[in-house]
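Below: one structure, written as structure tokens.
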Amino acid sequence: MHVSVEEARAMLAALLPPLDTETVPLAEAAGRLLAADLPALVSHPSATESALDGIAARAADTLEASPETPVRLRVVGESRAGAAFAGMVGPGECVRIYTGAPLPPGADAICPVEQLTDEGEALTWLSRPASLADVRHEGGDFRTGEVVLRAGLPLTAPQLALAAALGHAAVPVRRRLRVALLSTGDEVVPPGQPLAPGQVYDSNSVGLSALLLECGCEVLALGRAPDSPEALQAAVDRAGGADVLLSSGGVSMGKYDFMRDLLLDRGRVAFWKVRMRPGGPAILGGWNGLPVFGLPGNPVSSLVVFQVIVRPALTGQPPQTLRLRAATSFRALPDKTAFWRGVIENGVVRDYGQQGSGVLRSLSEAGALVIVPEGQPVNAGDDVEVMLL
Ligand SMILES: Nc1nc2c(c(=O)[nH]1)N[C@H]1C(S)=C(S)[C@@H](COP(=O)(O)OP(=O)(O)OC[C@H]3O[C@@H](n4cnc5c(N)ncnc54)[C@H](O)[C@@H]3O)O[C@H]1N2
Ligand code: MOO
Ligand SMILES: [Mg+2]
């Protein structure tokens, strides 16, 4: 019944429905998953352009230029971004040119304005050779027809900007997955009301909802259900129309952990318990055909399980990790992958210290999860795999 993190991701992903494609304007596509490869409708740059403000000339005319032996060129016109110079640049000639403006025929190099001394409008002296490097060649970024963005990519700011540069005003994206979100527990109450003894504010709903929106999902907020089988069933039955139900709490060993029972006893269970910490008691099952993923109630566990299992399953993208030097040791667990909270400072990662699953503040302050495979302790100085939080 215990599964690995990878198995848990695959089993959750397998229960998600195929998502139709819809086309949305770029302004509404942030966070969505690209549903098809996106080709370039234009080349970028569309012409060979200047990277600097200065003059465009024949490199060969300027090879001898230096502060001691300046080279003089005749200015025959100017090329501006959006208003190219129509003529040719002949020997001994140049045009004034501005960043992003096309190089006229004959010119192949740029000298920045800082290296020029003008003698009126029509003559200028170069104190260094014009450079071929300060030229952006046509298609240097991408060419018409080239597939630049691949299907499945989450559309974040750089991707959206690139989609626009490719010439797309709207993009094909996957329909938003509809995720019903439920917190459970008699003690769990919404923030904003006085806390009675023994109660706790429902931080899971807030954190998980924010993470789901980040993943481009539509959230059907079911709020909270008390610890009773009837209440849980009633809540789950309100999830109609959702593609999947995400709950938190009530999945471990307690007598009142009824989400566990709902799935173990009368639902269909794909797995219960993942070989990870935090997040061990997570459970995946179904209820009347609705996939139900029960995250643990501990505030750290629920958010870590989301980042490690749910997000990769929803987006089809494995977590981005990086390798860093460990500044401290990180212990290993005999039978679970540990996701310890770490602090990245000066390019190395150190143990955050408090690793309890109820210490929500640690997720706000640590910034990283250090991944320690079962039975492989980390010594200070070792390289470790790290997920950014
Ligand atoms: N004897 C054992 N006890 C526990 C085990 C075990 O293996 N043996 N597992 C521990 C681990 S690991 C975890 S994680 C927790 C998971 O517990 P549940 O999923 O059953 O969660 P609850 O018992 O409902 O609540 C745990 C804890 O989290 C608080 N909580 C719950 N929901 C919310 C919410 N929406 N917002 C904020 N805080 C929430 C709740 O008040 C409890 O303090 O089980 C361990 N026990
Ligand atoms: O799964 Mo728990 O998160 O180790 O407390
Ligand atoms: Mg419990």
Side-chain angles (χ1 to χ4, degrees), residues 1-5 8 179-193 195-212 219 221-229 231-232 235-236 245-265 269 271-285 292-310 330-341 352 354-364 366 369-372 374 389:
M1 191 68 100
H2 280 49
V3 293
S4 70
V5 164
V179 182
L181 184 58
L182 176 70
S183 285
T184 69
D186 293 344
E187 77 279 20
V188 179
V189 296
Q193 64 185 58
L195 213 53
Q199 290 184 332
V200 67
Y201 286 128
D202 180 7
S203 56
N204 290 350
S205 286
V206 174
L208 293 172
S209 177
L211 288 169
L212 284 166
V219 177
L222 299 180
R224 286 149 295 282
D227 289 321
S228 89
L232 266 186
V236 173
L245 169 69
L246 218 52
S247 69
S248 67
V251 295
S252 197
M253 304 303 285
K255 174 183 171 194
Y256 303 105
D257 290 341
F258 292 116
M259 182 51 85
R260 173 202 64 219
D261 296 342
L262 187 84
L263 297 177
L264 277 183
D265 302 351
V269 170
F271 67 77
W272 178 35
K273 296 191 181 177
V274 182
R275 291 196 298 278
M276 69 185 286
R277 179 172 167 196
I283 186 168
L284 173 64
V292 177
F293 188 56
L295 293 97
N298 278 331
V300 170
S301 315
S302 60
L303 298 187
V304 168
V305 168
F306 187 96
Q307 295 290 43
V308 171
I309 294 175
V310 180
F330 290 89
R331 70 188 176 90
L333 301 173
D335 56 353
K336 293 179 178 177
T337 302
F339 293 84
W340 299 124
R341 274 138 279 170
Y352 169 77
Q354 278 196 320
Q355 296 291 347
S357 298
V359 184
L360 185 53
R361 148 187 210 163
S362 66
L363 286 189
S364 166
L369 290 177
V370 175
I371 304 171
V372 179
E374 53 190 87
L389 274 171

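Both ligands and their constituent atoms are indexed starting at 1 by order of listing.
- Once rounded to the nearest 0.5 Å, the distance linking OG of Ser252 with NZ of Lys273 reads 6.0 Å.
- The CG atom of Leu263 sits 11.0 Å away from the CH2 atom of Trp272 when rounded to the nearest 0.5 Å.
- Within ligand 1, counting atoms from 1 as listed, the ones closer than 4.0 Å to a heavy atom of Pro296 are 14 (S), 16 (C), 19 (O).
- Protein heavy atom nearest atom 42 (C) of ligand 1, with residue, atom name and distance: Glu187 OE2, 4.0 Å.
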Begin from the C-alpha positions of Leu246 and Leu181 and carry the test side chain to side chain contact (heavy atoms under 4.5 Å, CB included) through to its verdict. CA-CA 5 Å; Leu246 218 52; Leu181 184 58; 4.0 Å; yes
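- Interatomic distance, Arg277 CZ to Gln355 CD, rounded to the nearest 0.5 Å: 8.0 Å.
- Between Ser301 and ligand 1, not a single N/O pair is under 3.5 Å apart.
- Contact detail for Val359 and Arg341: the closest heavy-atom pair is O-NH1, 4.1 Å.
- Close approach of ligand 1 to Asp257 is summarised as follows: ligand atoms under 4.0 Å from at least one heavy atom of the residue are 20 (O), 23 (O).
- Looking only at heavy atoms of the protein, atom 32 (N) of ligand 1 is closest to Asn204 ND2, 3.5 Å.
- Distances from ligand 1 to the non-hydrogen atoms of Tyr201 include at least one value under 4.0 Å.
- For a threshold of 3.5 Å applied to N or O pairs, the pair formed by Gly250 and ligand 1 contains at least one separation below that value.
- Within ligand 1, the atoms closer than 4.0 Å to a non-hydrogen atom of Ser183 are 35 (N), numbered from 1 in the order shown.
- Look at Thr184 and you'll find a heavy atom under 4.0 Å from some atom of ligand 1.
- Pro296 and Ser248 get closest at one heavy-atom pair: O-CB, 3.9 Å.
- The shortest separation from a heavy atom of Pro299 to ligand 1 is under 4.0 Å, placing the residue in contact.
- Here's the thing with Gly279: none of its N/O atoms is less than 3.5 angstrom from an N/O atom of ligand 1.
- The two atoms that bring Leu232 and Met259 nearest to each other are CD1-N, 3.3 Å, heavy atoms only.
- Taking CG from Asp202 and CG from Leu208, the interatomic distance works out to 9.0 Å, rounded to the nearest 0.5 Å.
- The neighbour count for Tyr256 OH, taken as heavy atoms of other residues, nucleotides or ligands under 6.0 Å away, does not exceed 12.
- At a 4.0 Å heavy-atom cut-off, ligand 1 touches Ser203 through backbone and side chain alike.
- Contact record, Val188 with Ser183: CG1-CB, 4.4 Å, taken as the closest heavy-atom pair.
- The N/O atoms of Gly297, backbone and side chain alike, include one that comes under 3.5 Å of an N/O atom in ligand 1.
- Every atom of ligand 1 with a heavy atom of Val188 under 4.0 Å away is listed here by number and element: 32 (N), 33 (C), 34 (C), 35 (N).
- A heavy-atom cutoff of 4.0 Å around ligand 2 is satisfied by the protein residues Arg277, Pro278, Gly279, Gly280, Pro281, Asn298, Ser301, Ser357.
- If you check each of Lys273, Met253, Lys336 against atom 7 (O) of ligand 1, the one with the closest non-hydrogen atom is Met253.
- Of the N or O atoms in Ser205, none lie within a sub-3.5 Å distance of an N or O in ligand 1.
- By the criterion of a heavy-atom distance under 4.0 Å, both the backbone and the side chain of Asp202 are placed next to ligand 1.
- Looking at Asp186, Asn298, Val305, it is Asn298 that brings a heavy atom closest to atom 27 (C) of ligand 1.
- A donor-acceptor pair under 3.5 Å links the side-chain atoms of Arg260 to the main chain of Gly254, judged by distance alone.
- Counting heavy atoms from C-beta outward, Ile309 and Met276 have side chains that approach closer than 4.5 Å.
- Residue contacts with ligand 1, taken as heavy atom pairs separated by less than 4.0 Å, involve Ser252 via backbone and side-chain atoms alike.
- With values rounded to the nearest 0.5 angstrom, Asn298 atom CG is found 8.5 Å from Asn204 atom CG.
- Across every non-hydrogen atom of Ile283 and Phe271, the tightest pair is CG1-O, 3.3 Å.
- Every heavy atom of Gly185 sits 4.0 Å or more from the atoms of ligand 1.
- Between atom CG of residue Leu195 and atom OH of residue Tyr201 there is a gap of 4.5 Å, rounded to the nearest 0.5 Å.
- By the 6.0 Å contact criterion, CD on Gln354 is open, its count of non-hydrogen atoms from other residues, nucleotides or ligands being 12 or less.
- The residue among Leu182, Leu295, Val251 with a heavy atom at the shortest distance from atom 20 (O) of ligand 1 is Val251.
- Interface of Val200 with ligand 1, defined as ligand atoms under 4.0 Å from a residue heavy atom, comprises 41 (O).
- When all heavy atoms of Val300 and Gly356 are compared, the pair lying nearest together is CG2-O, 3.8 Å.
- The shell of residues lying under 4.0 angstrom from ligand 1, judged by heavy atoms, includes Pro281.
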